[in-house]
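Take a look at the structure set out below.
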Amino acid sequence: MNTAAFLLVSLCCCCWLSAAQQETKKTENEGKECQTSQGSCYPDLCKLLKDFGVMEEKLRTTVEKLGVMETQLKVSENQLEELKNNERRKVIFSAALGGNGHIGPIDHDTTLIFKNIITNIGSAYNPSTGVFAAPIAGVYYFSFFYHAGGSQTKYISLFKNGQRMVTSSDHQSSGDGADNGANAVTLQLEVGDQVFIRLMANTHVWDSVNHTTFNGFLLKQV
């Protein structure tokens with residue numbers, strides 16, 4: 001190889017080595033710049049995913065708690081409604097004529113007004129008219145008791161709407177100082193049906209300390 005060719009080859013090798021060294025330094029510098037940029041400007045991907053997982057778990061737990069709370073709220077609402085329905089289904093009354101003395105004889109049938117309220121749960125009995133009006137369709141139990149003087153005829157009937165259901169009576173007697181009577185009945189009523197007690201014409205009853213009473217309560221809703 002002549003001198004010129006050797007110098008040319010040597011020059012080329014030196015240029016290649018220099019270029020390779022510069023490329024290596026450039027790559028190292030870019031790596032450092034990349035690490036610096038990631039550390040200062042971009043969050044760590046692993047940490048980001050971990051934080052996201054924690055947030056997702058918290059959200060899932062919150063949703064589950066909200067679901068439980070919603071279920072409990074519905075249960076509470078249902079229980080409250082059931083309590084209200086139970087209260088509406090409670091229909092119980094007991095009332096006495098009140099006063100101290102007799103009612104009658106009167107020349108026509110008369111609806112007795114039991115003014116002295118003892119119990120009136122559900123307010124279905126009206127102490128101003130003496131009439132019980134069914135607030136709920138169902139089977140009801142009614143009873144009445146009376147006290148009267150023996151020297152007068154006694155004739156008392158329980159009516160459903162305009163129909164006589166049961167009666168209690170006693171004839172006039174000079175030998176009895178006082179008479180007592182009673183009767184009871186179970187009736188199936190629709191909403192608004194009326195039940196009341198009538199003193200029949202030319203008869204009488206007497207009351208003192210709640211001797212004469214009218215009573216009723218709901219047995220079963222239907």
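- At least one side-chain heavy atom of I156 sits less than 4.5 Å from a side-chain heavy atom of I197.
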- request: Go through the steps for F196 and N126 under the test side-chain contact (heavy atoms from CB on, under 4.5 Å), then give the verdict.
  value: CA-CA 10 Å; F196 48 88; N126 188 337; over 6 Å; no

Ignoring hydrogens and angles, write down the donor-acceptor pairs under 3.5 Å from the side chains of residues 116-123, residues two or more places apart or on other chains.
unit_1 : atom_1 : unit_2 : atom_2 : d
N116   : ND2    : N210   : OD1    : 2.8
N120   : OD1    : Y125   : N      : 3.4
N120   : ND2    : Y125   : O      : 3.0

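- At least one side-chain heavy atom of N202 sits less than 4.5 Å from a side-chain heavy atom of D107.
- Both L219 and V222 are members of a single hydrophobic cluster when ILVMFWY side chains are connected at heavy-atom separations under 4.5 Å.
- Taking the side chain as every heavy atom from C-beta outward, F142 and F93 approach each other to under 4.5 Å.
- To the nearest 0.5 angstrom, E64 atom CD is 10.0 Å from L59 atom CG.
- Here the CD1 atom belonging to I106 is positioned 11.5 Å from the NE2 atom belonging to H204, to the nearest 0.5 angstrom.
- Residues L218 and G138 come closest through the heavy atom pair CD1-CA, 4.1 Å.
- Counting only heavy atoms from C-beta outward, the side chains of L187 and V195 approach each other to under 4.5 Å.
- Applying the side chain to side chain donor-acceptor pair (under 3.5 Å) test to every pair with at least one member in residues 155-168, sequence neighbours left out, gives these pairs: S157-R164, S157-T167, N161-D193.
- In this structure, CE on M55 lies 11.0 Å from OG1 on T62, to the nearest 0.5 angstrom.
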Validation: residues 94-102 side-chain donor-acceptor distances under 3.5 Å, sequence neighbours left out:
unit_1 : atom_1 : unit_2 : atom_2 : d
S94    : OG     : N215   : OD1    : 2.4
N100   : OD1    : S208   : OG     : 3.4
H102   : ND1    : G104   : O      : 2.8

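- Here the closest heavy-atom approach between residue P135 and residue V91 is recorded as CG-CG2, 3.8 Å.
- Taking CG from L158 and CG from L112, the interatomic distance works out to 11.0 Å, rounded to the nearest 0.5 Å.
- By the 4.5 Å heavy-atom criterion applied to side chains, K115 and P127 are not counted as neighbours.
- The aromatic ring centres of F132 and Y140 sit less than 6.0 Å apart.
- In this structure, CZ in F145 is found 9.5 Å from CG in N183, a value given to the nearest 0.5 Å.
- Among all heavy-atom pairs drawn from Y146 and S169, the shortest one is OH-C, 3.7 Å.
- Under the 4.5 Å side-chain heavy-atom criterion for ILVMFWY residues, no single connected hydrophobic cluster contains both V131 and M165.
- With respect to the salt-bridge test (charged N to carboxylate O, under 4.0 angstrom), the residues E56 and R60 do not qualify.
- A centroid separation of 6.0 Å or more is found between the aromatic rings of F214 and F144.
- Looking at K65 and T61, their side chains come closer than 4.5 Å, going by heavy atoms from C-beta outward.
- Between the NE2 atom in H147 and the CG atom in N180 there is a gap of 5.5 Å [rounded to 0.5 Å].
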